[in-house]
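Computed from a predicted structure; not experimentally measured. This chain uses plain numbering: 1 for the first residue, then up along the sequence.
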Amino acid sequence: MSDVQPAAVDEALARSVVYHALSVTFQMPTETRLGRIGAREGFPVLTAALERLDDLGGRGLLASAVAGLRALAVPSVDAIEGAFVRLFGHTARGLICACEAEYGPDTGFQQPQQLADIAGYYLAFGLHPATASDTRLDHISCECEFMGFLNRKQALLLADPDASSDGLDTLAATEEAQRTFLRDHLGRFGRAFAVRAAGADTDGYLGLFGRVLMGLVDTECARLGVAPGPLDLIVSPDT
């Protein structure tokens, strides 16, 4: 393993931690889910991961998120659930739309094409939606979970000092999938979703995670050389 590999492994793992926290947060809150991201203990792993990424090229984009997390008095599950339902509702089109295919001009073919493309990414890496899940494949939580998975896979492959040519090919494919999925999907609509969440819950728990998402997407677009999506991407008419 080269001298730079341990740092690259740490960076990929830090990204996976942040993506995981975002995936968990943008699902209906439960005490178990809050426990999974260390909410009651002040988010120690998440804040360490954000600081690591900021040091490695975040350009200060994640520093305010760290400060916000450390100052946050985490509300009760009931309070977070109330805010969650208010913002996202029980359908794809709540006050804030959390599903990518609802964004952008409606051509009549856009939604099926986007959903098929997203499903193709998941299946290419052997991932299948949970049978009983009613969460759409293009939901912000699913897309963050997928990016977290890709970064954990990258870290595992980078940590292998005896990688075969097949392993190196898999690593290259995993890194390319990060770039293209960010370009075509999460980076395309994630900033518009994030700015809406941050604006609709300015001083709240979910609004803070909207700012975390914004900082991460901007940092990731810079890292991977991807043009960030527009902040004002519209939600297509509900017709």
request  = Any chance you could lay out the side chain to side chain contact (heavy atoms under 4.5 Å, CB included) test for Arg223 and Leu56, step after step, and finish with the verdict?
outcome  = CA-CA 10 Å; Arg223 177 179 72 91; Leu56 291 170; over 6 Å; no
note = Distance col, row Asp54:CG vs Thr47:OG1, nearest 0.5 angstrom, shows 12.5 Å
key: Atom pair CG (Leu61) and CZ (Arg211), whose distance is rounded to the nearest 0.5 Å   = 14.0 Å
task = May I ask you to check whether Phe26 and Phe209 place their ring centers less than 6.0 Å from one another?
result = no
ask   = Between Ile140 and Leu231, is there a shared hydrophobic cluster once you connect ILVMFWY residues whose side-chain heavy atoms come closer than 4.5 Å?
value = no
remark   = Taking every heavy atom of Glu11 against every heavy atom of Leu53, the minimum-distance pair comes out as O-CD2, 3.8 Å
key: Minimum heavy-atom distance Ala173-Phe125, with the two atoms named   = O-CZ, 4.2 Å
request  = Please check if Val195 and Leu213 belong to a single hydrophobic cluster, counting links between Ile, Leu, Val, Met, Phe, Trp and Tyr side chain heavy atoms closer than 4.5 Å.
outcome  = no
request  = May I ask you to check whether Thr174 and Gln154 show a side-chain donor-acceptor distance below 3.5 Å?
outcome  = no
ask   = Going from CD on Glu220 to CG on Leu186, what distance comes out if it is rounded to the nearest 0.5 angstrom?
value = 8.5 Å
message = Quick check against the 3.5 Å criterion: does Asp160 have a side-chain atom that pairs as donor or acceptor with the backbone of Leu156?
response = no
inquiry  = Please say yes or no: joined through hydrophobic side-chain contacts below 4.5 Å, possibly via intermediate residues, are Leu72 and Val24 part of one cluster?
reply    = yes
ask   = Which heavy atom in Ala159 sits nearest to a heavy atom in Val9, and how many Å separate them?
value = N-CG2, 3.8 Å
query = For Glu145, does the CD atom sit with more than 12 other heavy atoms under 6.0 Å from it, leaving out its own atoms?
reply = no
key: Between Phe88 and Phe193, ring centroids under 6.0 Å   = yes
request  = Please report the shortest heavy-atom distance between Ala194 and Gly210, naming the atom on each side.
outcome  = CB-O, 3.3 Å
inquiry  = So does Tyr19 get a backbone contact from the side chain of Ser23, meaning a donor-acceptor N/O pair under 3.5 Å?
reply    = no
ask   = Counting distance only, does the side-chain N/O of Arg52 pair as donor-acceptor with the main-chain N or O of Arg15 below 3.5 Å?
value = no
Tyr122 side chain to Leu137 backbone, donor-acceptor under 3.5 Å = yes
Connected via hydrophobic side-chain network under 4.5 Å: Leu216 and Phe149 = yes
task = State plainly whether one hydrophobic cluster holds both Leu46 and Val74, where clusters connect Ile, Leu, Val, Met, Phe, Trp and Tyr through side-chain heavy atoms under 4.5 angstrom apart.
result = yes
key: Straight-line distance of Leu224 CG to Arg183 CZ, nearest 0.5 Å   = 11.0 Å
ask   = Are any non-hydrogen side-chain atoms of Pro228 and Val217 less than 4.5 angstrom apart?
value = no
ask   = Where is the tightest heavy-atom contact between Leu233 and Arg196, given as atom of each residue plus distance?
value = O-NH2, 3.0 Å
request  = Determine whether Leu22 and Met147 make a side-chain contact, defined as any pair of heavy atoms from C-beta on separated by less than 4.5 Å.
outcome  = no
Distance in Å, Leu208 CG paired with Asp203 CG, rounded so as to fall on 0.5 Å steps = 10.0 Å
query = Hey, does Gln113 have a side-chain heavy atom less than 4.5 Å from the side chain of Asp117?
reply = no
task = State whether the side chain of Asp138 and the backbone N or O of Ala101 hold a donor-acceptor pair below 3.5 Å, judged by distance alone.
result = yes
query = Are any of the side-chain nitrogens in Arg188 or Glu143 under 4.0 Å away from the carboxylate oxygens of its partner?
reply = no
query = Is a donor on one side and an acceptor on the other found under 3.5 Å between the side chain of Arg70 and the backbone of Val66?
reply = no
query = When rounded to the nearest 0.5 angstrom, what is the spacing between SG in Cys144 and CD in Gln27?
reply = 10.0 Å
Parallel, tilted or perpendicular: ring planes of Tyr121 versus Phe181, cut at 30 and 60 degrees = perpendicular
query = Does Arg179 pair with Glu175 as a salt bridge, N-O distance under 4.0 Å?
reply = no
inquiry  = If we ignore hydrogens and angles and just use 3.5 Å, is the side chain of Ser16 paired with the main-chain N or O of Leu13 as donor and acceptor?
reply    = yes
inquiry  = Do Val212 and Phe43 have side chains that approach each other closer than 4.5 Å (heavy atoms only, starting at C-beta)?
reply    = no
task = Please report the shortest heavy-atom distance between Phe189 and Cys99, naming the atom on each side.
result = CE1-C, 4.1 Å
ask   = Would a distance-only check, ignoring hydrogens and angles, find a side-chain to backbone donor-acceptor pair under 3.5 Å from Arg191 to Gly229?
value = yes
note = The side-chain contact (heavy atoms from CB on, under 4.5 Å) partner of Met28 among Val77, Val85, Ile80 is Val85
Derivation of the side chain to side chain contact (heavy atoms under 4.5 Å, CB included) call for Asp201 and Ile96 = CA-CA 11 Å; Asp201 192 39; Ile96 299 172; over 6 Å; no
